[in-house]
There are 2 protein chains.
Amino acid sequence: MRFVSTIQARLDGKGRVSIPASFRAVLEADGYPGLFMHPALDLPALEAGGNRLLAEIDGLIGRYPPYSEARDLIATALLGASEHLKVDPEGRIALPERFKAHAGITNAVVFVGLGDRFRLFSPDGFAAQEAEAKAKLRALKASLTGGTGAGTS
Amino acid sequence: MRFVSTIQARLDGKGRVSIPASFRAVLEADGYPGLFMHPALDLPALEAGGNRLLAEIDGLIGRYPPYSEARDLIATALLGASEHLKVDPEGRIALPERFKAHAGITNAVVFVGLGDRFRLFSPDGFAAQEAEAKAKLRALKASLTGGTGAGTS
DNA sequence: TGGGCTAACATGGGAACACATGGGCGTCAA
DNA sequence: TTGACGCCCATGTGTTCCCATGTTAGCCCA
């Protein structure tokens with residue numbers, strides 16, 4: 001079960017968004033009660049997931065010895081900046097102000113599946129990100145295939 | 001269950017602070033009656049937690065041979081300087097003067113979750129710490145991924 | 001193949017609840 | 001006696017739950 005596809009949703013008057021049903025199904029299978037979310041470090045986006053995402057973060061933190069500076073930093077940046085969001089019976093979440101500000105989200109959200117996690121963008125932020133990603137991917141592919149990039153997509 | 005997210009709270013006229021409900025839930029699950037707290041070793045902050053934090057401190061102390069100077073120092077700094085704080089029926093604690101002085105706390109506290117423990121800062125102290133952590137983390141990440149940013153965000 | 005039906009999903013709003021906060025009072029110890 | 005501390009109750013605010021509605025997509029049947 002992976003998070004897959006891109007879906008747009010609106011925020012209602014109370015600031016709630018429905019998590020796409022397909023994403024909810026993955027979370028349920030994952031067994032995490034609710035949704036774990038944190039701001040992306042170098043993107044105007046939010047990253048969210050369940051136990052699998054959390055396990056990855058734990059692994060990252062666990063690589064450093066207790067009381068080391070690196071561990072403190074990572075724990076602060078990843079765990080301190082994150083939130084455990086509750087999902088209401090209808091499958092919605094309320095985004096904290098802090099998160100909305102980071103991603104530039106006002107009244108609409110784009111959910112983007114990334115396998116073990118998914119991202120939340122503002123529609124504008126997503127358009128920008130998509131354009132940039134395409135450009136980078138083209139460059140990467142060119143470097144892989146050795147030139148024209150005229151291969152199978 | 002881990003301590004996660006960053007929450008600000010005010011001290012009332014009696015010098016009490018509400019422990020955020022999400023943190024209280026973790027402490028309860030941990031089974032520790034009350035709250036274990038000590039000044040952070042190299043930060044103007046306080047560290048708090050329950051049994052998991054105590055276990056980690058024990059582990060840290062245990063790494064040094066009995067009667068060694070290092071062991072004495074660490075045990076004194078962590079255990080000697082620590083307090084067991086009682087939590088009132090509303091989930092509040094009263095911070096000892098000594099602790100407030102160490103962290104520069106006057107009338108507001110920022111709680112920062114770090115997984116197995118959480119920290120208490122003054123709002124100003126937190127802002128400074130956050131800025132520093134972000135900068136250092138970026139440097140650390142660059143050294144890890146080799147600069148492309150092609151890693152976990 | 002087309003129309004209608006049904007179920008799942010996204011959305012909206014009202015009411016109950018939990019939480020953070022504030023203050024009063026009794027109790028214990030210096 | 002006095003101060004500090006712990007317990008109790010009160011209150012405002014934000015959040016969560018519950019129920020209602022519109023919309024979409026899939027399905028069945030003619």
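Contact annotation: side chain of R10(B) to base of dG22(C), donor-acceptor pair absent below 3.5 Å. Scanning atom types as modelled, no donor and acceptor separated by under 3.5 angstrom connect the side chain of E90(A) and the base of dC9(C). For R16(B) against dG23(C), a side-chain-to-base donor-acceptor contact under 3.5 Å is present.
Going from atom NE2 of H84(A) over to atom C1' of dT16(D) covers 14 Å, rounded to whole Å. Rounded to an integer number of Å, the gap from D12(A) CG to dA20(D) P is 18 Å. To the nearest angstrom, P of dA10(C) lies 18 Å from CG of N107(A). In this structure, the CD atom of Q8(A) is 15 Å from the P atom of dT24(D), given to the nearest Å. Between the CD atom of E83(B) and the P atom of dC5(D) there is a distance of 11 Å, given to the nearest Å. What separates CD of E97(A) from P of dG14(D) is a distance of 12 Å, to the nearest Å. Across the protein-nucleic acid pair, I19(A) atom CD1 and dA10(C) atom P stand 10 Å apart, rounded to whole Å. Distance D88(B) CG to dT21(C) P: 12 Å, rounded to the nearest Å.
For R117(B) and Y67(A), the positive end sits near the middle of the six-membered ring, less than 6.0 Å away and at most 45° from its axis.
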Residue pair D88(B), K14(B): steps toward the salt bridge (charged side-chain N to carboxylate O under 4.0 Å, His left out) verdict: CA-CA 13 Å; D88(B) 79 9; K14(B) 292 181 176 181; over 6 Å; no

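Across all their heavy atoms, I19(B) and F111(B) have their closest contact at CA-CZ, 4.2 Å. The two atoms that bring D72(B) and T76(B) nearest to each other are O-OG1, 2.6 Å, heavy atoms only.
Listed candidates were dA10(C), dT16(D), dG13(C). Nearest to the side chain of P20(A) is dA10(C). Of all nucleotides listed (dT21(C), dC7(D), dA10(C)), dA10(C) comes nearest to the side chain of A21(A).
Below 30°, between 30° and 60°, or above 60°: for F36(A) and H38(A) the angle between ring planes is between 30° and 60°, a tilted geometry. Ring orientation note: the planes of F23(A) and F3(A) are nearly perpendicular, at an angle over 60° on the 30°/60° scale.
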When you compare the protein's N or O atoms with those of nucleotides 25-30 of chain C, which come within less than 3.5 Å of each other, and at what distance?
none

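Contacts of A94(B) with the nucleic acid, taken as non-hydrogen atoms under 4.0 Å apart, are absent.
Regarding contacts with the backbone of dA10(C), a side-chain N or O of R24(A) is found under 4.0 angstrom from either OP1 or OP2.
By the side-chain contact (heavy atoms from CB on, under 4.5 Å) test, A25(B) pairs with M1(B), sequence neighbours left out.
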